[in-house]
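Data block below; observations after.
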There are 2 protein chains.
Amino acid sequence: MTRTHHPAPTFQLRLALARDVVIGPGKAALLDAVERTGSISAAGRTLNMSYKKAWQLIDTMNRHFSAPLVVTQAGGHERGGAQLTELGRQVLAHYRALERKLSPSVSAEAQALIDLLGRPADASPLDST
Amino acid sequence: MTRTHHPAPTFQLRLALARDVVIGPGKAALLDAVERTGSISAAGRTLNMSYKKAWQLIDTMNRHFSAPLVVTQAGGHERGGAQLTELGRQVLAHYRALERKLSPSVSAEAQALIDLLGRPADASPLDST
DNA sequence: CTCCGCTATATCCAAACGGACACAACGGAA
DNA sequence: TTCCGTTGTGTCCGTTTGGATATAGCGGAG
């Protein structure tokens, strides 16, 4: 390591593909959790998010995108659940891919900024006024 | 144009350089406005933001960064005002530079996503079920 | 048929947010 | 000295947000 252990700078990306057609870190994490857990309520629990909040976010996406990203079933095969549609998987995949693609550039610039902060540009040696 | 007039997809970038050291679209726009207008209140007006809100955002930045990004004067030369410090200008410049650097990649991926939405993956030609 | 966990929805209520407004201090201009 | 626009701070209050809770329906498992 160069100095001490840094908390590692992070970045968040929010895409507005059209009016109200928006995906950011929160919805991406939720889609991820739904895919892994197979239900909205379980996804909410893993994200420490209320069912209401999780359902609202998914409902917003389903209504604003051209087709649902998540399909649900009350009761049934395994007492109900939810899963991503093909569109949902692709949207999530594209979002993650873009995050990965941007990561190197962001890291480089963030490091430059952190270097700036470490050196507060103070003590101009010949400041007459 | 290819089809109809698109609202042009946009993206927002939020950088967390450290705990509570965060800059995103809102604060960047505010720094921009302060630099242009020379005061917090005028910046707030141009952004249609209350003085309270503008001041709070600037105060948050000044307290959490290693040094102030904005310096102010009540009364004085031109009845008071505010301007960016050298650090403030550099932080803003880096943020804008990163936005510009990321823009092409984002545009490309966003277009791929929009294409996905335009074709809701429906009407599989040979769907037996 | 009963049971189970989930979906979907409504109601209630506390906390957070944010705008509107008031006000004192500042300090150079006139 | 008076005047001015700004900074900085506080209070009040309506709006929004979001958690907690309740309830109904679903539909396969047992």
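Numbered from 1 within each chain, the chains take letters A, B, ... in sequence-line order.
The side chain of B:Arg45 lies closest to D:dT6, out of D:dA20, C:dT7, D:dT6. Residue A:Arg79 places its side chain closer to D:dG27 than to any other of D:dG27, C:dG18, D:dG5. Checking D:dT6, D:dG8, C:dA20 against the side-chain heavy atoms of B:Trp55 singles out D:dG8 as nearest. When distances run from any side-chain atom of A:Lys52 to the nucleotides C:dG19, C:dT11, C:dG5, the shortest one goes to C:dT11. Closest approach to the B:Thr72 side chain among C:dC6, D:dG19, D:dG8 is made by D:dG8 (side chain taken as heavy atoms from C-beta onward). Comparing C:dG19, D:dT7, D:dG18 by their closest approach to the side chain of B:Ile40 singles out D:dT7.
Here A:Arg96 pairs with A:Asp32 in a salt bridge; the nearest charged N to carboxylate O distance falls below 4.0 Å.
Scanning both residues, B:Ile40 and B:Tyr51, for their nearest heavy atoms gives CG2-CE1, 3.7 Å.
Atom CD of A:Glu78 and atom C1' of D:dG28 are 9 Å apart (whole Å). Distance OH (B:Tyr51) to P (C:dA22): 17 Å, rounded to an integer number of Å. Between B:His77 atom NE2 and C:dC26 atom C1' there is a gap of 12 Å when expressed in whole angstrom units. For the pair A:Asp59 CG and C:dA10 P, the computed distance is 11 Å after rounding to whole Å. As a whole-Å value, the separation of A:Lys53 NZ from D:dT16 C1' is 11 Å. Between the P atom of C:dC17 and the CE atom of B:Met49 lies a distance of 15 Å, rounded to the nearest Å. In this structure, the CG atom of B:Leu57 is 14 Å from the P atom of D:dT7, given to the nearest Å.
In this model, the phosphate group of D:dG5 is not approached by any side-chain N or O of B:Ser39 to a distance below 4.0 Å at OP1 or OP2. Residue A:Ser50 places at least one side-chain N or O under 4.0 Å from the OP1 or OP2 atom of D:dG19.
A:Gln73 comes within contact range of the sugar-phosphate backbone alone, with a heavy-atom separation under 4.0 Å but no base atom that close.
Looking only at distances, no side-chain donor or acceptor of B:Asp20 sits under 3.5 Å from a matching main-chain atom of B:His64.
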